[in-house]
Amino acid sequence: MRPGRLVARAILALAGFLAVFPLVWTALNALKNNVDIITRVPKVIFTPTLANVSYILGRDSVLTGLYNSAVACGVAVLIGIVLGLPAAYAVARYPNRFAGDIQFFVLSLRFLPPVAVAIPLMVIWLQLGLYDTLPALIVTYSLLTISVIMWLAIPAFQGVPKEIEEAAFVDGYGAYAVFWRIALPVAARSLIGAIAFSFVLVWNEFLIALMLSSSNAKTLPIVASELSQQGMNVPWGILNASVVLLSLPPLLFLGVLSGFLNSVFRPKKS
Amino acid sequence: MRRRSSLPVTFLVPTLAILLVLSMVPTLYAVVIALQNRELSAPGYSWVWFSNFVDLFADRRFLNAVWVSVKWEIVTVIATMVVAIGLGVLMFEVAGPRLRNFYCLLFIIPVLLPRVSAAFVWKFAYHPLYGIATYPYRLITGGLIFDPLSKPGTALFAVASVDVWQWGLFFAVIVLKLLETLPPQPIEAARLDHARRWQIHAYVTLPMLKAPLISLMFVKMIESLRSFDLIYVMTRGGPGVATETLDMYAFSQGFIESGKVSYASAMAVLMMIATVITFTMLWKRVQA
């Protein structure tokens with residue numbers, strides 16, 4: 001058994017290393033001068049510089065992208081919360097013969113090819129004069145956030161013990177009061193996970209933003225992808241710095257999302 | 001127990017109405033555009049009905065894109081599931097609770113990255129002269145060049161490896177959590193029968209998890225279709241058309257090369273029909 005265990009541990013350690021090392025390396029490159037990046041033998045020891053980071057943070061296009069991403073994702077997630085959570089609660093707690101169909105409809109929105117949605121939307125927004133504006137992006141993202149939040153919140157509400165809600169009804173609470181004061185707070189942990197998940201999804205979204213913006217409404221992923229197309233001399237350090245900036249917001253949710261996974265897959269008490 | 005309330009109506013109807021409008025308007029409009037001959041540069045258009053679709057089937061680049069998309073789905077879905085089940089089982093077998101938590105945290109990191117970031121990280125890593133992933137090859141061969149992204153034979157696999165890096169590690173966490181939810185009695189019974197560890201997993205635990213694992217594969221099939229960002233940043237469909245999937249080809253027809261919006265839309269509509277039919281059938285089967 002011993003050598004087998006050893007090999008298994010080595011494989012796991014290697015996988016863990018592969019999971020984070022490319023990122024660590026990118027972060028290191030963000031602190032290097034170009035000469036230290038363009039070496040045939042990777043350099044681990046170098047004189048760090050903040051030039052790349054300050055260049056990135058000083059560029060108008062990056063700041064605008066950051067602002068656009070924050071507003072578009074923030075508002076779309078808010079809309080997703082306001083419309084998605086109550087709807088999920090209704091599906092979870094007031095079963096009717098459409099419940100299965102509603103769940104399937106919400107899921108099916110996820111397998112519409114993004115190009116199929118983005119091409120007509122581009123034409124529509126152009127005709128309405130809203131192409132390349134934040135409202136157009138927000139409306140489009142709302143489709144994503146509402147459906148994802150609904151999809152993940154239905155099981156979260158189903159996980160709330162029915163007895164608590166029944167007790168509240170007996171105490172004279174109305175249906176809406178039960179939702180506000182009982183179901184929401186009790187399911188809060190899972191719901192925050194669902195909301196964080198929808199934020200990460202829209203923050204990482206690329207194709208729709210690429211097709212629905214040309215200059216004003218560009219989000220951070222688009223700005224970052226454009227940095228790579230500057231001239232012949234690739235500004236490696238700057239590129240690495242922009243990758244790090246783009247990746248930071250989703251990583252802030254690491255703790256929330258791993259807690260969410262733990263609450264979804266709770267071991268059954270036998 | 002529960003009195004009749006207006007809650008389900010007020011909570012559901014507005015949301016569903018908005019979702020329906022937001023999804024049906026672009027969907028139907030995509031079909032309309034596909035039946036016309038719109039171009040980005042020219043404002044006029046007329047109805048050409050099915051000629052875009054007829055042209056598609058005579059377009060060898062389109063047929064290539066279909067084939068690349070199918071290859072992409074097969075490679076990424078299978079590799080993701082193999083990595084996920086392999087690492088999930090390994091964690092379950094040899095890692096204690098604290099080590100499991102540590103690995104879970106590490107394995108979630110790649111999937112949180114925007115795909116644009118992940119694509120850049122690996123594009124640097126695969127750089128033939130300066131990349132960290134190609135360094136071992138340069139070291140062993142004394143400086144020979146290995147350039148996976150610009151060889152037609154390896155480009156698709158190089159891009160797919162990034163997809164598996166993101167999803168395979170993440171799914172390994174889910175497989176571990178699924179294994180943890182299993183009741184311990186059958187495993188102990190098998191152990192008493194002197195079953196080897198791999199036999200326990202192959203014949204006891206994984207069959208017990210068949211339904212959730214199939215759902216997981218279903219999710220991955222859907223997510224694999226959204227690989228545009230990865231391919232756009234890493235290869236732009238190249239070298240040649242070796243990594244040109246359907247969405248990449250639709251995008252370049254509609255926007256980069258010729259601005260043939262209607263032609264691109266016809267392609268998107270075909271994709272939509274194919275995915276909706278396939279996934280609806282699969283879903284009904286998974287649920288049954």
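First the proteins, then the strands, lettered A, B, ... as listed; each starts at 1.
Under the 4.5 Å side-chain criterion, counting only non-hydrogen atoms from C-beta, B/F255 is in contact with A/M211. Two residues are said to be in side-chain contact when any heavy atoms from C-beta on lie closer than 4.5 Å; A/V115 and B/F228 fail this criterion. Considering only heavy atoms from C-beta on, A/F104 comes within 4.5 Å of B/T280 through its side chain.
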- side-chain contact (heavy atoms from CB on, under 4.5 Å) evaluation trace for A/Y89 with B/L7: CA-CA 10 Å; A/Y89 179 71; B/L7 182 141; 4.0 Å; yes
- Task: Could you give me the CA-CA distance, side-chain angles and deciding distance for A/V20 and B/F107, then say whether side-chain contact (heavy atoms from CB on, under 4.5 Å) is met?
- Result: CA-CA 8 Å; A/V20 284; B/F107 288 170; over 6 Å; no
- Kindly determine whether A/L121 and B/V25 satisfy side-chain contact (heavy atoms from CB on, under 4.5 Å), including the steps that lead there. CA-CA 9 Å; A/L121 276 175; B/V25 168; over 6 Å; no
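With a threshold of 4.5 angstrom between heavy atoms, A/L210 approaches chain B through side-chain atoms but not through N, CA, C or O. Residue contact with chain A, scored on non-hydrogen atoms closer than 4.5 Å, involves the side chain of B/R38 exclusively. Contacts between A/V244 and chain B at a heavy-atom distance below 4.5 Å are absent for every atom of the residue. Only the side chain of B/V173 comes within less than 4.5 Å of a heavy atom of chain A; its backbone N, CA, C and O stay farther away. For chain B, no part of A/L201 is nearby; none of its heavy atoms comes within less than 4.5 Å. Only the side chain of A/L257 comes within less than 4.5 Å of a heavy atom in chain B; its backbone stays farther off. There is no contact between B/T278 and chain A, counting heavy-atom distances below 4.5 Å. When heavy atoms are compared at a cutoff of 4.5 Å, B/A30 approaches chain A by way of both its backbone and its side chain. Interface residue A/A13: backbone and side-chain heavy atoms are both found under 4.5 Å from chain B. Only the side chain of A/I102 comes within less than 4.5 Å of a heavy atom of chain B; its backbone N, CA, C and O stay farther away.
None of B/L113, B/V121, B/L112 except one satisfies the side-chain contact (heavy atoms from CB on, under 4.5 Å) rule with A/S247; the exception is B/L113. Applying the side-chain contact (heavy atoms from CB on, under 4.5 Å) test between B/S23 and each of A/V106, A/L143, A/V117 identifies A/L143 as the sole match.
Taking the six-membered ring where the residue is Trp, B/Y130 and A/W236 present perpendicular rings, their angle passing 60° and hence far from 30°.
Of all the heavy atoms in B/V94 and A/R9, the pair that sits closest is O-NH2, 3.0 Å. Counting all heavy atoms, side chain and backbone alike, A/A19 lies closest to B/W165 at O-CZ2, 3.3 Å. What you find for A/W203 and B/P114 is that their closest heavy atoms are CD1-CG, 4.2 Å. Of all the heavy atoms in A/G16 and B/Y103, the pair that sits closest is CA-CE2, 4.2 Å. In terms of heavy atoms, B/V276 sits closest to A/F111 at CA-CE1, 3.9 Å. For the residue pair B/Y232 and A/S225, the shortest heavy atom distance occurs at CE2-OG, 4.5 Å.
Heavy-atom neighbours of A/F21 CZ from other residues, nucleotides or ligands within 6.0 Å: above the threshold of 12.
The residue among B/L178, B/V116, B/L182 with the most heavy atom pairs within less than 4.5 Å of chain A is B/V116. Among B/I132, B/L129, B/D229, the residue making the largest number of heavy-atom pairs under 4.5 Å with chain A is B/I132. When each of B/D247, B/T134, B/I109 is scored by its heavy-atom pairs under 4.5 Å with chain A, the top score falls to B/I109. Each of B/V89, B/L99, B/I108 has some count of heavy-atom pairs under 4.5 Å with chain A, and the biggest count is that of B/I108. Among B/V261, B/L169, B/I222, the residue with the largest count of heavy-atom pairs under 4.5 Å with chain A is B/I222. Your options are B/V13, B/L20, B/V9, and the one with the most heavy-atom pairs under 4.5 Å with chain A is B/L20.
Rounding to the nearest 0.5 Å places CG of A/L12 at 11.0 Å from CZ of B/F102. One distance of note links CG of A/L112 with OG1 of B/T275; it measures 7.0 Å at 0.5 Å rounding. Annotation: the span from B/N101 atom CG to A/S258 atom OG amounts to 7.5 Å, rounded to 0.5 Å. Once rounded to the nearest 0.5 Å, the distance linking CG of B/L19 with CG of A/L83 reads 8.0 Å. A/N240 CG to B/F124 CZ: the interatomic distance, rounded to the nearest 0.5 Å, is 4.0 Å. B/L12 contributes atom CG, which lies 11.0 Å from atom CZ of A/F98 (distance to the nearest 0.5 angstrom).
Pairs engaging residues 96-112 of chain A under the salt bridge (charged side-chain N to carboxylate O under 4.0 Å, His left out) rule: A/R110-B/E223 [sequence neighbours left out].
No side-chain donor-acceptor contact under 3.5 Å links B/S5 and A/Y176.
Taking the centre of each ring, B/F11 and A/F179 come in below the 6.0 Å mark.
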